[in-house]
Number of protein chains: 4
Amino acid sequence: MTPHTATLFSIATGSSEPIYRQLVEQVRRLAAAGQLQPGDEMPSVREIAQQLALNPMTVSKAYGLLEMEGVLARRRGQGMVVAARAAPAPADERAALLRPVLERAAREARQLELDPDTVLTLFATILKETP
Amino acid sequence: MTPHTATLFSIATGSSEPIYRQLVEQVRRLAAAGQLQPGDEMPSVREIAQQLALNPMTVSKAYGLLEMEGVLARRRGQGMVVAARAAPAPADERAALLRPVLERAAREARQLELDPDTVLTLFATILKETP
Amino acid sequence: MTPHTATLFSIATGSSEPIYRQLVEQVRRLAAAGQLQPGDEMPSVREIAQQLALNPMTVSKAYGLLEMEGVLARRRGQGMVVAARAAPAPADERAALLRPVLERAAREARQLELDPDTVLTLFATILKETP
Amino acid sequence: MTPHTATLFSIATGSSEPIYRQLVEQVRRLAAAGQLQPGDEMPSVREIAQQLALNPMTVSKAYGLLEMEGVLARRRGQGMVVAARAAPAPADERAALLRPVLERAAREARQLELDPDTVLTLFATILKETP
DNA sequence: GTGGTCTAGACCACA
DNA sequence: GTGGTCTAGACCACG
């Protein structure tokens with residue numbers, strides 16, 4: 001199955017986060033969650049670049065990093081596919097990927113002197129909104 | 001009252017976030033939380049620079065931005081003070097400052113296909129650890 | 001279209017007004033007047049710096065402020081462009097930008113006890129000279 | 001006659017223009033206009049400093065400059081008086097003092113592409129409002 | 001003493 | 001190529 005570019009990625013060009021990193025992290029998460037299964041063919045660099053109006057080098061850089069990480073694999077003449085070892089991770093490993101952003105949120109909450117219950121309630125609300 | 005530099009700031013020089021921005025955001029949150037009260041004198045550029053081993057211009061840049069934002073005010077020849085309009089914000093306004101990072105966390109959680117309860121439990125744990 | 005540096009800016013290095021602010025205000029006015037259209041590419045920091053014999057950081061500071069203001073936008077890796085929302089302002093809005101300096105002139109005229117007609121005549125003369 | 005501090009000066013501590021310069025220019029204009037007559041005793045440094053909540057050194061610096069300029073004169077034990085040669089200037093000399101600010105306004109008007117008539121009408125309005 | 005400005009030059013991240 | 005960040009150090013303006 002070849003995932004559709006438009007469905008897969010959501011890039012915020014206005015964000016301060018580098019585009020290539022947005023791509024890398026999204027693929028990483030999608031692979032960990034199993035939305036990208038081992039063997040799935042990734043869209044070509046050109047296709048992504050065109051559809052998202054990005055510089056092909058930006059996409060290429062993301063793919064390169066993902067290959068180094070072992071999330072994607074290069075198949076000669078066939079483009080990139082999701083790597084075998086990128087099997088869906090168990091919930092606790094996926095949770096580990098979420099830790100950094102949660103730790104940052106906790107640090108900010110403390111500096112804002114918000115009490116944990118308020119924060120958790122707010123977060124619960126947002127979790128329901130988002131999907 | 002003059003807050004103590006060492007107590008006020010914790011800078012991660014290794015982080016990818018620019019130092020001046022770390023300073024800006026910390027001051028912004030401390031003012032919102034009321035740990036910095038209107039009228040409080042901020043440590044001088046040189047003092048912060050020395051204690052945190054930073055270049056004075058880096059600190060100065062942060063102060064300049066905070067002044068533009070209206071969080072700090074310049075008292076000519078006497079350093080910066082916390083601005084009058086930087087009164088401690090009510091809890092709901094402070095919570096609003098936390099929204100962006102929580103929304104980001106929610107987005108990542110969804111891409112990781114983690115169920116909300118797991119995420120909330122993890123966050124609760126982290127919130128207890130952090131302080 | 002890429003405006004020419006030399007044509008765009010006239011910097012008075014001798015003035016007490018900081019160079020970066022001279023740049024900021026000129027760009028702001030040129031954008032308001034429509035001489036800089038949304039989408040126009042601005043000259044690069046290095047180009048301006050070289051042509052006006054300034055330090056690149058000085059120019060960079062001006063660009064940074066103009067970006068914060070929303071007058072310019074950064075196109076990663078491709079320099080700055082005039083922001084979309086920086087559309088040419090109608091005459092009355094542009095006139096509003098002129099008010100502060102006119103108010104100052106009026107205040108000074110009053111302290112000099114010059115009668116309004118004299119002042120207006122003088123100003124009319126200067127307006128004809130200047131262009 | 002001793003002019004009253006509060007009536008004489010209007011200081012904008014928020015402005016970017018140095019306080020001592022605001023003082024200097026105001027005295028200069030008032031003397032040129034004849035509102036301060038030769039021989040008039042100026043308020044003491046302390047009095048001005050207290051009433052306007054300024055640092056006495058700031059006031060002192062302004063007085064020093066005005067003395068150097070010949071606008072004020074030091075009378076031992078009597079404080080500063082308006083200098084003899086600071087006689088009210090004829091209208092054309094006073095107009096000359098107004099030129100710089102008018103030239104700046106003209107320059108800005110041109111960059112804003114405002115036509116001279118509009119500018120003059122606006123200025124006429126402001127001149128009527130201000131007093 | 002305070003902060004502001006500018007220069008010079010290095011290094012990095014991004015595209 | 002682009003702009004961003006940081007350092008080091010000088011000088012100035014202000015109070």
Side-chain angles (χ1 to χ4, degrees), chain A residues 13 15-23 49 52-62 65, chain B residues 2 11 13 15-23 41-49 52-64 66-68 72-81, chain C residues 11 13 15-23 41-49 52-64 66-68 72-81, chain D residues 13 15-23 45 49 52-62 65:
Chain A
T13 52
S15 157
S16 72
E17 192 170 15
I19 294 169
Y20 82 89
R21 193 185 300 272
Q22 293 182 43
L23 291 172
L52 302 182
L54 302 178
N55 186 318
M57 283 192 55
T58 307
V59 183
S60 183
K61 180 171 185 176
L65 290 170
Chain B
T2 305
I11 295 302
T13 50
S15 158
S16 74
E17 192 169 18
I19 295 171
Y20 80 87
R21 194 183 297 274
Q22 294 183 42
L23 292 172
E41 289 175 16
M42 295 297 292
S44 79
V45 166
R46 290 161 174 83
E47 185 185 333
I48 295 181
L52 302 182
L54 303 176
N55 185 302
M57 268 206 66
T58 306
V59 183
S60 183
K61 182 171 185 177
Y63 270 14
L66 285 162
E67 187 197 3
M68 277 190 45
L72 300 185
R74 249 174 63 208
R75 282 246 217 286
R76 310 193 205 206
Q78 307 179 191
M80 307 289 275
V81 298
Chain C
I11 295 301
T13 50
S15 158
S16 75
E17 192 170 17
I19 295 170
Y20 79 87
R21 194 184 297 273
Q22 293 182 42
L23 292 172
E41 289 174 16
M42 295 296 293
S44 79
V45 167
R46 291 161 173 84
E47 186 185 334
I48 296 181
L52 302 182
L54 303 175
N55 184 302
M57 269 206 65
T58 305
V59 183
S60 183
K61 183 171 185 177
Y63 270 15
L66 285 163
E67 187 197 3
M68 276 190 44
L72 299 184
R74 251 174 60 206
R75 282 245 218 286
R76 310 192 205 206
Q78 307 177 192
M80 308 288 275
V81 298
Chain D
T13 51
S15 157
S16 71
E17 192 170 15
I19 294 168
Y20 82 89
R21 194 184 300 271
Q22 294 182 41
L23 291 171
V45 167
L52 303 181
L54 303 177
N55 187 319
M57 283 192 55
T58 307
V59 182
S60 184
K61 180 171 185 176
L65 289 170

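As the structure is a prediction and not an experimental result, all values here were calculated from the model. Residue numbering restarts at 1 for every chain, and letters A, B, ... go by the order of the sequence lines.
If you take CD of A:Gln22 and P of E:dC14, they are 11 Å apart, rounded to a whole angstrom. Computed from coordinates, the C:Leu52 CG to E:dC6 P distance equals 13 Å when rounded to whole Å. As a whole-Å value, the separation of C:Ile19 CD1 from F:dC11 C1' is 14 Å. Protein atom CG of C:Leu23 is 13 Å distant from nucleotide atom P of E:dT5, rounded to whole Å. Atom pair C:Asn55:CG and E:dA10:P shows a separation of 13 Å (rounding to whole Å applied). Look at CG on B:Leu54: it is 15 Å from P on F:dT5, rounded to the nearest Å. Residue D:Arg21 contributes atom CZ, which lies 15 Å from atom C1' of F:dG15 at whole-angstrom precision.
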Would you list the protein and nucleotides 1-4 of chain E atom pairs, both N or O, that sit under 3.5 Å from each other?
from	atom 1	to	atom 2	distance (Å)
E:dT2	OP1	B:Ser44	OG	3.2
E:dG3	OP1	B:Val45	N	3.1
E:dG3	OP2	B:Val45	N	3.0
E:dG3	N7	B:Arg46	NH1	2.8
E:dG3	N7	B:Arg46	NH2	3.3
E:dG3	O6	B:Arg46	NH2	3.1
E:dG4	OP2	B:Ser60	OG	3.1

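From B:Ser60, atom OG reaches atom CD1 of B:Ile48 across 10.5 Å, with rounding to the nearest 0.5 Å. To the nearest 0.5 angstrom, D:Lys61 atom NZ is 4.5 Å from D:Tyr20 atom OH. Residue A:Leu23 holds its CG atom at 7.0 Å from CG of A:Leu52, rounded to the nearest 0.5 Å. Expressed to the nearest 0.5 Å, how far CZ of B:Arg74 lies from CE of B:Met42 amounts to 15.0 Å. Atoms CG and CE, from C:Leu66 and C:Met80 in turn, are 7.0 Å apart once rounded to the nearest 0.5 Å.
For the OP1/OP2 pair of F:dT7 and a distance below 4.0 Å, the side-chain nitrogens and oxygens of B:Thr58 include at least one atom meeting the criterion.
Under the side chain to side chain contact (heavy atoms under 4.5 Å, CB included) criterion, C:Thr13 pairs with C:Ile11, C:Ile19, not counting sequence neighbours. The side chain to side chain contact (heavy atoms under 4.5 Å, CB included) test applied to C:Ser15 returns C:Ala12, C:Glu17, C:Gln22, not counting sequence neighbours. In this view, C:Gln78 and C:Arg75 satisfy the side chain to side chain contact (heavy atoms under 4.5 Å, CB included) rule, not counting sequence neighbours. By the side chain to side chain contact (heavy atoms under 4.5 Å, CB included) test, C:Met68 is found to be paired with B:Leu65, B:Met68, residues two or more places apart in sequence or in another chain being considered.
In DNA chain E, consecutive stretches of 3 or more Watson-Crick or G-U wobble pairs with both distances under 3.5 Å are given as paired ranges: E:1-14 with F:1-14.
Of the listed nucleotides (F:dG15, F:dG9, E:dG9), E:dG9 has the atom at the smallest distance from the side chain of C:Met57.
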